[in-house]
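Notes follow the structure.
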Number of protein chains: 2
Amino acid sequence: MDIKQTYSISELAKEFDVTTRSIRFYEDQELLKPSRRGQTRIFSSKDRVRLKLILRGKRMGFSLAETKELFDLWDETLSGNEKQLLKMLTILSNKRAQLEQQKNDIAQAEMEMDTAEARCREALAELQKKKKQQAPANDENRQAAEN
Amino acid sequence: MDIKQTYSISELAKEFDVTTRSIRFYEDQELLKPSRRGQTRIFSSKDRVRLKLILRGKRMGFSLAETKELFDLWDETLSGNEKQLLKMLTILSNKRAQLEQQKNDIAQAEMEMDTAEARCREALAELQKKKKQQAPANDENRQAAEN
DNA sequence: GATAAAGTTTACGTAAACGTAAAGTAGTTT
DNA sequence: AAACTACTTTACGTTTACGTAAACTTTATC
């Protein structure tokens with residue numbers, strides 16, 4: 001139950017901060033399937049959701065091809081034959097493993113950023129100490145130090 | 001205190017499952033700076049760490065250029081002038097925000113995968129019910145059902 | 001009814017991250 | 001010494017994900 005049912009290409013472009021070129025490209029690659037009124041594209045709220053998923057996928061390091069695979073697979077899954085359902089379950093399981101890896105990577109990165117930040121702050125503190133020791137002992141720079 | 005001090009290109013390639021081509025490319029882009037014995041590259045454990053960081057960066061969706069920027073910045077930071085230190089701190093802060101975004105993306109993705117998996121299992125359960133209703137009522141398929 | 005605004009197609013261009021030969025060198029195994 | 005193995009450089013090719021320009025239609029506005 002979205003507020004609006006259909007969207008123009010520039011509405012979506014503005015909302016998600018992408019170019020219309022990108023959106024047309026995604027359609028070309030069959031990640032979006034807007035309907036048409038004449039030549040003009042009309043995007044449904046389903047298209048909108050998919051665009052959101054595409055962009056999130058990109059932020060997570062997924063290629064458009066990977067994202068398209070998931071879309072296609074999910075569509076097939078909805079038509080509900082057993083083989084497709086089982087395939088989807090194993091793929092979901094794989095993706096979960098991938099997310100676990102990403103979470104580990106992020107946790108590692110955060111730890112390293114913690115130590116990096118600590119070192120920066122230490123180094124800054126060192127610099128401050130030296131400044132305070134030098135400034136009062138140096139007549140020539142007194143004016144410069146006040147700026 | 002690593003086990004080994006130096007590595008050949010193929011050792012690193014094998015350990016991290018990348019091609020030697022990639023490693024040479026990373027050197028070409030100045031993300032790695034191995035020394036040489038004659039023409040042959042000799043990688044230090046610092047290079048090894050950097051390679052690990054490069055690959056993690058890729059998994060997290062970072063471009064080589066971004067990773068190089070971080071490397072360079074960190075090198076400059078070590079030479080410790082105040083401006084560099086402050087710049088590094090703000091960049092760290094930005095990266096943290098980026099990681100937060102990624103964590104949100106992952107959490108969202110996990111939730112959606114939960115509901116997707118649930119739907120799959122429901123659909124499968126439906127199929128099983130129908131099978132059990134049909135199989136005993138159908139003489140012709142009794143043998144096939146036992147396979 | 002001219003003109004701007006938003007949309008369209010077609011098509012060539014580009015940056016990133018390697019792949020893939022081609023051809024040569026350096027060490028070492030038989 | 002010949003062959004094999006691991007390494008090297010040079011350089012052109014490829015895929016992905018768009019950018020950018022050109023030329024054209026459709027719709028809204030003055």
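Letters go in sequence order (proteins before strands), and every chain restarts at 1. FYI, side chains are in, hydrogens and waters are out, and symmetry mates aren't considered; it's all heavy atoms of this structure. Because the structure is a prediction, the values reported are computed rather than measured.
- Bounding nucleotides for the chain B contact on DNA chain C, 5' to 3', at a heavy-atom distance below 4.0 Å, are dA17(C) to dT20(C).
- Rounded to an integer number of Å, the gap from K14(B) NZ to dC7(D) P is 9 Å.
- K103(A) has a carboxylate O that lies under 4.0 Å from a charged side-chain N of E100(A), or vice versa, which qualifies the two as a salt bridge.
- Separating the CD atom of Q39(B) from the P atom of dT9(D) is a distance of 6 Å, rounded to the nearest angstrom.
- R37(B) comes within 4.0 angstrom of nothing in the nucleic acid, heavy atoms only.
- A salt bridge links K68(B) with D72(B): at least one charged nitrogen is closer than 4.0 Å to a carboxylate oxygen.
- Counting non-hydrogen atoms under 4.0 angstrom, T20(A) reaches nothing in the nucleic acid.
- Electrostatic pairing of R48(B) and E11(B) does not count as a salt bridge here, judged by no charged N lying under 4.0 Å from a carboxylate O.
- Annotation: of the two residues near DNA chain C, S22(B) and R21(A), the 5′-most nearest-nucleotide partner is R21(A).
- Figure legend: R50(B) and F71(B) shown as a cation-pi pair, the cationic atom lying under 6.0 angstrom from the six-membered ring centre and within 45 degrees of its axis.
- Contacts of T19(B) with the nucleic acid, taken as non-hydrogen atoms under 4.0 Å apart, involve only primed sugar atoms and P, OP1 or OP2.
- Contact annotation: T40(A) does not reach the phosphate of dT26(D) (side-chain N/O to OP1 or OP2, under 4.0 Å).
- Using modelled atom types, one finds a donor on one side chain and an acceptor on the other under 3.5 Å when comparing T19(B) with S22(B).
- Mapping Y26(A) and I9(B) onto DNA chain D via the closest heavy atom, the residue that lands nearer the 5' end is I9(B).
- A salt bridge links E27(B) to R41(B): one of the charged nitrogens lies within less than 4.0 Å of a carboxylate oxygen.
- With F62(B) as the aromatic partner, K95(B) meets the cation-pi criteria of under 6.0 angstrom to the ring centre and within 45 degrees of the ring axis.
- At a threshold of 4.0 angstrom between heavy atoms, the contacts of R41(A) are confined to the sugar-phosphate backbone, with no base atom among them.
- Atom CZ in R24(B) sits roughly 9 Å away from atom C1' in dT9(D) (whole-Å rounding).
- When the nearest nucleotides of DNA chain D are assigned to K58(A) and I42(B) by heavy-atom distance, the more 5′-ward of the two goes with I42(B).
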